[in-house]
Novice: 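Structure in C-alpha cells, see below.
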Amino acid sequence: MSDDATPVTDGGESVADAADADPEDSPAIRRLADWDADRLSDIADEHDTPLYVTDLDRVAENCARLRAAFPDADLRYAVKANTARAVLEAVRDAGLGAECASAGEVRRALDAGFDGDDVDYTAVNPPERDLDAVVEWWEDGADLTITVGAADTLDRLRERGYDGRVCVRANPGVGAGHHEKVRTGGAAKFGVPAERVAEVFASARPDFDVVGLHAHAGSGIHGDEDLAAHREFLARVADLAGDVGDLEYVNVGGGIGVPYRDDEEPLDLDAVAAAIREELDGLDARLALEPGRYVVADAAVLLTRVNTVKGAPNELVAGVDAGMTDLLRPAMYDAFHEIRSLEPDSVDREEAPVTVAGPICESGDTFCEGRPLPVPERGDLLALGNVGAYGYEMASTYNSRPRPADVSLAGELLRERESLADLTRLER
Ligand SMILES: Cc1ncc(COP(=O)(O)O)c(C=O)c1O
Ligand SMILES: N[C@@H](CCCC[NH3+])C(=O)O
C-alpha cells in the first residue's frame, strides 16, 4: 500500500466525532448482557413489540474502531446491512463513505448527506432502471464510482454516455463467510473471472476513469478456517492488482465478522489489518474496505413478547410476537442469535430447554430450539442480540405481518411500525 494514502473523507470534525466515541475504551463487541434491561423494558412499554432498538452511539464506536485499525484506508459502509437514515448519518458523521447495492441505496446515501464521491454503487446484474437512475444522478453532479462485474455492464454504461469513475470487480475464485449463501468470492454470478480481468481493464480504460480493482470474499468472516480462506482470497486479489497495475485503490470488500455467541471471541481487527497489509504489500494503491456487519451488528436488539407457553417441562415452547418476517437470519442461514429474558425475576427462575418460535406458518419460524433459558411466562419480554446487521433490512410482510418499528436507544423513532393499511397501500 502506498504511504501517502489518505482517508476517503477529510479528517475534520466528523472523524473527530467518531474518535470521541473513544475506540480505546469501547469493547470489541457489545454483548446482549450489556444492554440495560430497564431501559429496554421502558422502550418496549412505550413502543410495543416486536421492536428493534438501535444504539446509534455504538454505531459511532464501531466506526471509530475501524478507523483506528485502518487509519489510511477508504472505508465505505455497506449500506445494505442497515439503511436507517439515522444509522447512515452516524456513519457519515464518523467519516466513512457508503457502498450501495442498488439505486435505492444510492438514493438513501445521497439523501443522508454522503458526498457523491464518497459513494460507490456495486452493480451486480444491474436492472435498467437502476443504471438509468444512477447515471442521471451522476449527470446531476454526484461524482460516484460504479463497481462493475461484467463487460456487459460497461457496454450498458457506454450506451448511456457514462464516462465517470469505474472500479472493476474481479472474482478471485475463493470465498469465505458464515454460510454458503453469503460466500461470494467463488460464486459465478459475481465479478469478472480472474482470467478475464486484464482484458476487461484494457477495454474499460479508454472509455472510463478506471480507479480501482474490487473483490469481495463473502460476509461474516470469523474463525480460523474463514481467516485462512480470506488470506488466500487476499493473495489472489494482490496478484490481480499487480497484473492490471495503475490503480488508485484496491477494494477488498466487506465481510469482517462478529461473534454471535457469548462464548465466541471477537476478531482482532489489528490482526486482520496486518494480514491485509502483508498480503497487499508492495502494491502502489490505497486500500479500500466496505464493512457492513461490523459497523451495525451489535448496535441493535430485537424485543419480542411471549404470548404463549406450552409443552411439557422438557419441551417448552415460548410463542413470541416476532417471527421470521422480523428477523430472517435464523430461518435462512440457521443463524444463532443470543436470547435474553428481560424480566427482573428471570435470574431466580429455573432454566429449561426452550424453543422460541414466532407466529408464522412455517416450522422454520423458530429462533432457537431447546435452548437453556429461564422458564418463560406469558407476557415476558425477550431480547435477541446482534440484530443490527441484516435484521430489519431482511424483514418482510409475509403472512401479512406489518414490519416492526425501530427506535433508538435514546427513544427516537427511527422507523415507524407498519400498519395494516400499509399492507394494502399498493394494491389497485
Ligand atoms: C459487495 C459487498 N460489499 C460489502 C458487503 C458487506 O459485507 P459485511 O456486511 O459482511 O461486511 C457485502 C455483503 O456481503 C457485499 O456483497
Ligand atoms: N444477509 C446476510 C449477509 C449478506 C451480505 C450481503 N452480501 C446475513 O444476514 O448474514
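Counting starts at 1 for both ligands and their atoms, in listed order. Sequential numbering from 1 along the given sequence is applied to the chain's residues. Side chains are part of it too, since the values below use all heavy atoms of this structure and drop only hydrogens, waters and symmetry mates.
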Novice: Per the side-chain contact (heavy atoms from CB on, under 4.5 Å) rule, which among V407, L303, L327, V301 passes with Y52?
Specialist: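 Among V407, L303, L327, V301, the one meeting side-chain contact (heavy atoms from CB on, under 4.5 Å) with Y52 is L327.
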Novice: For Y249, does the six-membered ring have the charged nitrogen or CZ of R286 within the cation-pi criterion, i.e. under 6.0 angstrom from the centroid and within 45° of the normal?
Specialist: no
Novice: Taking the six-membered ring of F70 (Phe, Tyr or Trp), confirm whether the NZ or CZ of R65 is under 6.0 Å from its centre and within 45° of its axis.
Specialist: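 Geometry flag: not set, cation outside 6.0 Å or 45°.
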Novice: Which class fits the ring pair F233 and H230: parallel under 30°, tilted 30 to 60°, perpendicular over 60°?
Specialist: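 Correct class here is parallel.
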Novice: Are any of the N/O atoms on G292, whether in the backbone or the side chain, positioned under 3.5 angstrom from an N/O atom of ligand 1?
Specialist: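 Right, the criterion is met.
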Novice: Both conditions, 6.0 Å and 45 degrees, for the charged tip of R165 above the ring of F208: are they met here?
Specialist: no
Novice: Does G255, backbone or side chain, put an N or O under 3.5 Å from an N or O of ligand 1?
Specialist: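 It does: an N or O of G255 is found under 3.5 Å from an N or O of ligand 1.
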Novice: Got an N/O contact under 3.5 Å between H216 and ligand 1?
Specialist: yes
Novice: Report the part of R293 in contact with ligand 1, treating N, CA, C, O as backbone and CB onward as side chain, heavy atoms under 4.0 Å; options are side chain, backbone, both, neither.
Specialist: both
Novice: Looking only at heavy atoms of F190, does any of them come nearer than 4.0 Å to an atom of ligand 1?
Specialist: no
Novice: Regarding R340 and the six-membered ring of W35, is the cationic atom NZ or CZ under 6.0 Å from the ring centre and inside 45° of its axis?
Specialist: no
Novice: Could you pull out every N or O of ligand 2 that sits under 3.5 Å from a protein N or O, with the distance for each pair?
Specialist:
residue: ligand 2; atom: 1 (N); partner: Y333; partner atom: OH; Å: 2.9
residue: ligand 2; atom: 9 (O); partner: R329; partner atom: NE; Å: 2.6
residue: ligand 2; atom: 10 (O); partner: H178; partner atom: NE2; Å: 2.7
residue: ligand 2; atom: 10 (O); partner: R293; partner atom: NH1; Å: 3.4
residue: ligand 2; atom: 10 (O); partner: R293; partner atom: NH2; Å: 2.7
residue: ligand 2; atom: 10 (O); partner: R329; partner atom: NE; Å: 3.3
residue: ligand 2; atom: 10 (O); partner: R329; partner atom: NH2; Å: 3.0

Novice: Looking only at protein heavy atoms, identify the closest one to atom 10 (O) of ligand 1 and say how far it is in Å.
Specialist: S219 OG, 2.5 Å
Novice: Among residues at least two apart in sequence or on other chains, which ones pass ring-ring contact (aromatic ring centres under 6.0 Å, His included) with Y260?
Specialist: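 Partners of Y260 by the ring-ring contact (aromatic ring centres under 6.0 Å, His included) criterion, ordered by chain and then number, come out as H337.
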Novice: If you measure from each heavy atom of P291 to ligand 1, is any distance below 4.0 Å?
Specialist: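 The answer is yes: ligand 1 sits under 4.0 Å from a heavy atom of P291.
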Novice: Just distances here: any N/O of T122 and N/O of ligand 1 closer than 3.5 Å?
Specialist: no
Novice: Side chain or backbone, does E290 bring an N or O within less than 3.5 Å of an N or O on ligand 1?
Specialist: yes
